[in-house]
There are 2 protein chains.
Amino acid sequence: MQQTTEQNIKVAVDTAVFTIADNHLAVLLVQMKQEPYVDLWAMPGGLITQEETTEDAALRMLREQTGVTDVYIEQLRTFDSPQRDALHRVVSVAYIALVPSADVTLQTTDKYKAVQWWDTGKLPPLAYDHPRMIDKAIRRLRAKVTYSNIVWSVLPETFTLSELQHVYEVILGKPIDKRNFRKKILSVGIVESTRQKQAAAAHRPAELYRFTHRLLKYIDIL
Amino acid sequence: MQQTTEQNIKVAVDTAVFTIADNHLAVLLVQMKQEPYVDLWAMPGGLITQEETTEDAALRMLREQTGVTDVYIEQLRTFDSPQRDALHRVVSVAYIALVPSADVTLQTTDKYKAVQWWDTGKLPPLAYDHPRMIDKAIRRLRAKVTYSNIVWSVLPETFTLSELQHVYEVILGKPIDKRNFRKKILSVGIVESTRQKQAAAAHRPAELYRFTHRLLKYIDIL
DNA sequence: ACAAAAGTGTTGTTACTACACCCATGG
DNA sequence: CCATGGGTGTAGTAACAACACTTTTGT
């Protein structure tokens, strides 16, 4: 239900892009050039255009600002404190994205001083209300991996069960029992064996698996 | 991260207000007067003002349009299809509210033809993208009652366990075993006995309970 | 032969489901 | 004394948690 009133509010999107880097959960940030936020870091984002959806805007900005293309993305929530941006009233729709670390060829644009992955445990000083956004994004991500199959979006086409387990351990931030994990993950049927083995490694080669569906499915996992 | 661009977008809120009416889950709707939506029904809502948050706006509109005041409210998600409103580009932040049925003294304002509760199983023709919003709201509500204590917001200060069970049955749309329900609900400790009995009824009087906390808590319930 | 990760079962405990009868009160 | 909803326990089943050793490969 809408009525007409005077209003001059801008609509933006901001995206928390996550990946798995070695042994930590990493988030993609850009370092700003403009006042009043010079040198602070922020999530990639910006104002939407008149005709695009917020999701399309988020995808476009990821492409333009970071070179990231094939991503899983979902809406997190909208942040709308009147003071969240120092210059204008800006309502921001926050998104979460997950990318396979391999995919990421970071672009450095002249709009920012830098574009970089940051360990979520050691974040730099952040602009706007981005600390809170990132906190909410991590909570949602942790919850969601336990009742859906979204981890497909950080893994390559084929992978070993140990790699899969490692992804869960990094996102949840705690160790998982190997035998229980394998039993559970196989029983819920989100992955299937390729009947192929990992290429040469200095140890017994692992069997390679793939996801049965590379689409969001809701299933109790951990 | 924001940059300046030409943009003329309005920001609105829409709230799905739920209550328990007899044996069904009911949602509060207003019947519209303006073109092009004459006679269609919609959730209470409207444009936010320059200085208020979307949550404050949602609460204000509930007060103004329906007389509803003491409510539990939470953000659902933002709906932003460019075509969702026929006249302007309007991005709407949708909220869910829960009210005790007793509280509700519906106001009829001259802005609408009518304000009325509707059984969620038999909804009238709806304006905008409100069918989808209501569908999402019901799903979220069903999920949330199973892992939080939010049902406190539809019950009076004291209540019987049968009344509590009835609320769950209506929201979830399925019967629940009485003995298992009581065992579980008492074990998670979200309610406590008042050591008082229900006033005269034509049957054995039930013990009255109250919620230990009338704030959102996350606990596995059903 | 050694290092390094892969792979595999069992047992105890806890939570969930299904199910039927007696109790207290008002009319 | 009858109708109405209130209140209670148990047994079988399924899910979860804890735990250690053998296998396969490369060097």
**Prompt:** Is any side-chain heavy atom of Thr78(A) closer than 4.5 Å to a side-chain heavy atom of Gln75(B)?
**Reply:** yes
**Asked** Taking atom P of dC16(D) as reference, at what distance in whole Å does atom CD1 of Ile176(A) sit?
**Response** 13 Å
**Request:** Choose from dA6(C), dG9(C), dG6(D) the nucleotide whose nearest atom is closest to any side-chain atom of Asn180(A).
**Result:** dG9(C)
**Prompt:** Can you tell me how far C1' of dA15(D) sits from CG of Leu222(A), to the nearest Å?
**Reply:** 13 Å
**Message:** Return whichever of Ala202(A) or Leu161(A) has its heavy-atom-nearest nucleotide of DNA chain C closer to the 5' end.
**Reply:** Ala202(A)
**Asked** Roughly how many Å is it from CD in Gln165(B) to P in dG5(D), rounded to a whole number?
**Response** 14 Å
**Prompt:** Are Tyr209(B) and Phe159(B) near enough that their ring centres are under 6.0 Å apart?
**Reply:** no
**Atom pair distance, as rounded to whole Å: NZ in Lys183(B) and P in dG9(D)** = 10 Å
**Complete:** Taken to the nearest whole Å, CG/Leu208(A) to C1'/dA6(C) is 12 Å
**Message:** Judged by each residue's nearest nucleotide on DNA chain D, which is more toward the 5′ side, Arg204(A) or Asp177(A)?
**Reply:** Asp177(A)
**Request:** Return no unless some side-chain N or O of Lys178(B) is found under 4.0 Å from OP1 or OP2 of dG7(D).
**Result:** no
**Item:** Sole residue of Val13(A), Asp14(A), Leu62(A) in side chain to side chain contact (heavy atoms under 4.5 Å, CB included) with Pro44(A)
**Value:** Leu62(A)
**Asked** How is Gln198(B) classified with respect to the nucleic acid when contacts are heavy atoms under 4.0 Å: base, sugar-phosphate, or nothing?
**Response** nothing
**Item:** Gap between atoms CD1 and C1', on Ile185(A) and dA15(D) respectively (whole Å)
**Value:** 15 Å
**Complete:** Result for 5'-nearest mapping on DNA chain C, choosing between Pro205(A) and Arg179(A), is Pro205(A)
**Between CG on residue Leu123(B) and CG on residue Leu29(B), distance to nearest 0.5 Å** = 6.5 Å
**Nearest-angstrom distance from the residue atom NE2 of His203(A) to P of dT22(D)** = 21 Å
**Request:** Please report, rounded to the nearest Å, how far the P atom of dA6(C) is from the NZ atom of Lys197(A).
**Result:** 11 Å
**Asked** Can the ring centres of Phe79(B) and Tyr128(B) be said to be less than 6.0 Å apart?
**Response** no
**Message:** Does dA6(C) have OP1 or OP2 under 4.0 Å away from a side-chain N or O of Ser162(A)?
**Reply:** yes
